[in-house]
Amino acid sequence: MKRGFTLAEVLITLVIIGIIASMTIPSVINDQKDKEILARLKKSYSTLSQVMMLSQSFNGLYTGWGLQDNNDDSSRNTFENYIAPYLSRTKYCVNEDGCWSSEKSKGFDGSNESEARTSGVGGQHKVQ
């Protein structure tokens with residue numbers, strides 16, 4: 001009498017393990033992604049809180065910064081004067097030059113007709 005498993009028993013065991021793995025792995029991956037997003041969010045919140053506290057220690061309470069104005073220029077000035085100087089290793093676009101590449105970009109259909117945007121975030125000005 002030989003001892004061991006038949007091929008059918010081994011295959012059935014592998015199928016059961018595969019089914020269980022296929023049901024649990026996606027939830028483990030999603031949980032890991034959620035934890036990663038939460039950690040990044042907490043770090044961003046902490047950084048912005050520290051920037052606001054540091055800026056308020058030098059510039060007074062934020063209520064006097066002109067944030068109540070519903071004006072894009074006022075918001076930009078507030079950011080550039082009160083917040084940007086306290087952000088380290090951050091790039092932002094001061095003017096429209098240098099923010100985006102001036103080269104032509106390809107569309108999804110492969111056409112070369114659309115030009116890259118010339119304004120937005122990602123400029124070459126470094127805040128210290």
message: Keeping Ser55 on the side-chain end and Ile83 on the backbone end, is there a donor-acceptor pair under 3.5 Å?
response: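 Looks like no, no N/O pair under 3.5 Å.
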- prompt: Ignoring hydrogens and geometry, is there a side-chain-to-backbone donor-acceptor pair from Ser57 to Leu54 under 3.5 Å?
  reply: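 The answer is yes, because a donor-acceptor pair under 3.5 Å joins these two groups.
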Applying side-chain contact (heavy atoms from CB on, under 4.5 Å), can you list everything that pairs with [X], at least two apart in sequence or on another chain?
{"X": "Thr6", "result": "Ala8, Glu9"}
{"X": "Leu61", "result": "Gln56, Thr63"}
{"X": "Ile29", "result": "Ile25, Lys33"}

message: Applying side chain to side chain donor-acceptor pair (under 3.5 Å), can you list everything that pairs with Glu36, at least two apart in sequence or on another chain?
response: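 Scan of Glu36 (side chain to side chain donor-acceptor pair (under 3.5 Å), adjacent residues dropped) gives Arg40.
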Set of residues satisfying ring-ring contact (aromatic ring centres under 6.0 Å, His included) with respect to Phe5, sequence neighbours excluded: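 Expected list: none.
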- prompt: Are Phe79 and Leu48 connected in the hydrophobic side-chain network, where two residues link if heavy atoms are under 4.5 Å apart?
  reply: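 Shared cluster, no.
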task: Report the distance from atom CD1 of Ile12 to atom CD1 of Ile16, rounding to the nearest 0.5 Å.
output: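 CD1 of Ile16 is found 7.0 Å from CD1 of Ile12.
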Can you give each donor-acceptor pair under 3.5 Å made by side-chain atoms of residues 17-24, sequence neighbours left out, with the distance rounded to 0.1 Å?
residue, atom, partner, partner atom, Å
Ser22, OG, Gly18, O, 3.3
Ser22, OG, Ile19, O, 2.8
Thr24, OG1, Ile20, O, 3.1
Thr24, OG1, Ala21, O, 3.4

Candidate list Lys42, Gln50, Lys43, test side-chain contact (heavy atoms from CB on, under 4.5 Å), partner Ser46, passing option: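 It is Gln50, the one option of Lys42, Gln50, Lys43 that forms the side-chain contact (heavy atoms from CB on, under 4.5 Å) with Ser46.
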task: Report the C-alpha separation of Phe58 and Tyr82 in whole Å, then their side-chain angles, then the decisive distance to 0.1 Å, and conclude whether the side chain to side chain contact (heavy atoms under 4.5 Å, CB included) test is met.
output: CA-CA 9 Å; Phe58 286 104; Tyr82 297 106; over 6 Å; no
